[in-house]
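In what follows, chains carry the letters A, B, and so on, assigned in the order in which the sequence lines appear, proteins first and then strands, with residues in each chain numbered from 1.
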Amino acid sequence: MKIATWNVNSVRVRLPHVLDWLEQHQPDVLCLQELKCEASGFPWEALQAAGYHAYVAGQKAYNGVALLGRCPGEDVGMGMESFADTQQRVIAATFGDVRIVSVYCPNGEALTSAKYAYKLAWFDGLSDYLRLALKRWPQLVVAGDYNIAPHDDDVYDPKAWAGEVLCSEAERAKFEALLDLGLVDCFRSLYPQQRDSFSWWHYRVNAFKRNMGLRIDHVLASDALKSRLHECCIDLAPRGLERPSDHAPVMAEFR
DNA sequence: ATGGTTGATCGTCAA
């Protein structure tokens, strides 16, 4: 079972990239983030024609998450009971024997911002949500844009980014707290020494060409799925296309 | 210190 995640930064602008990528890689489930449209503006027909069932939590202009499945998803849930939120950042569904959650975690903007306090509180809500989800669905995958680089090895210039948003100790502690629930970072568990592998690069200053990136998009799998984890890779190709998302897709395969 | 890039929307906000 191939499960992928991709922050597309507008699903309508990126639709051609998404369709090409689905055809090339044939994931069983693709988690999308930053749709930047309401459900009424979502490209339902094109994705259905590509062979995917879509489940969408959208809103006007900002945020928005979706799940695309080769097979229908069941028990679809939007948002988190543990955290009242006007922003659409979470959607979950069961595909076969695996519960899959697509998450778009808050960016935080800067440590002094009110959005940073919201981010930290939001992660506490996510922990509570996932603790309950793991009890109900031991085979759980949580994939998305976490807006956290868990370790200095996930940052192109750790000294420059030290203490900055996406890399601060408080944010990293929130990420660790997720792992402590019984989740594993698929990429890092397979490649514990890997450096210079990133999933996001700024649009500015030719950051992608210079590989000035951060690894902030992650596929987390529950301990019950860990033994089935076979591969996890970041596909750099879409980031090099014309008019790309600023994020690359990350895909994990379970057998 | 400033500005640089993109998307939604149409003067800014968000990333």
Is it true that [X] and [Y] make a salt bridge, defined as a side-chain N closer than 4.0 Å to a carboxylate O?
{"X": "A:D223", "Y": "A:K226", "result": "no"}
{"X": "A:R89", "Y": "A:D145", "result": "no"}
{"X": "A:D154", "Y": "A:R172", "result": "no"}

Checklist entry - Touch check for A:F208, heavy atoms < 4.0 angstrom, all strands: base, sugar-phosphate only, or nothing? => result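 No contact.
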Checklist entry - When the nearest nucleotide of DNA chain B is assigned to A:P244 and to A:D145 on a heavy-atom basis, which residue is associated with the more 5' position? => result A:P244
Spacing of [X] atom [atom1] relative to [N] atom [atom2], expressed in whole Å:
{"X": "A:R89", "N": "B:dA15", "atom1": "CZ", "atom2": "C1'", "answer": "11 Å"}
{"X": "A:L214", "N": "B:dA15", "atom1": "CG", "atom2": "C1'", "answer": "13 Å"}
{"X": "A:Q87", "N": "B:dC13", "atom1": "CD", "atom2": "P", "answer": "15 Å"}
{"X": "A:L241", "N": "B:dT6", "atom1": "CG", "atom2": "C1'", "answer": "16 Å"}
{"X": "A:R239", "N": "B:dT6", "atom1": "CZ", "atom2": "P", "answer": "9 Å"}
{"X": "A:H247", "N": "B:dT6", "atom1": "NE2", "atom2": "C1'", "answer": "11 Å"}
{"X": "A:Q88", "N": "B:dA14", "atom1": "CD", "atom2": "C1'", "answer": "17 Å"}
{"X": "A:N7", "N": "B:dG7", "atom1": "CG", "atom2": "P", "answer": "12 Å"}

Among [options], the one nearest [X] by side-chain distance:
{"X": "A:R12", "options": "B:dA15, B:dG7, B:dA8", "answer": "B:dA8"}
{"X": "A:S10", "options": "B:dA15, B:dC13, B:dA8", "answer": "B:dA8"}
{"X": "A:K36", "options": "B:dA8, B:dC13, B:dT5", "answer": "B:dA8"}

With a 4.0 Å cutoff (strictly under), does any side-chain N or O of [X] reach OP1 or OP2 of [N]?
{"X": "A:R243", "N": "B:dG7", "result": "yes"}
{"X": "A:K60", "N": "B:dA8", "result": "no"}
{"X": "A:R204", "N": "B:dA15", "result": "no"}

Item to check | Whether over 12 other heavy atoms sit under 6.0 Å from A:Q194 CD | outcome: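 Yes.
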Next on the checklist: Please give the distance between the C1' atoms of B:dA14 and B:dC10 as a whole number of Å.
Outcome noted: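 Nearest-Å result for B:dA14 against B:dC10 at atom C1': 15 Å.
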Checklist entry - Taking atom C1' in both B:dA1 and B:dT12, what distance in whole Å separates the two? => result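 Between the two C1' atoms, the distance is 23 Å.
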Checklist entry - Is there a side chain to side chain donor-acceptor pair (under 3.5 Å) between A:S199 and A:D217 once you walk through the steps? => result CA-CA 6 Å; A:S199 67; A:D217 300 85; 2.6 Å; yes
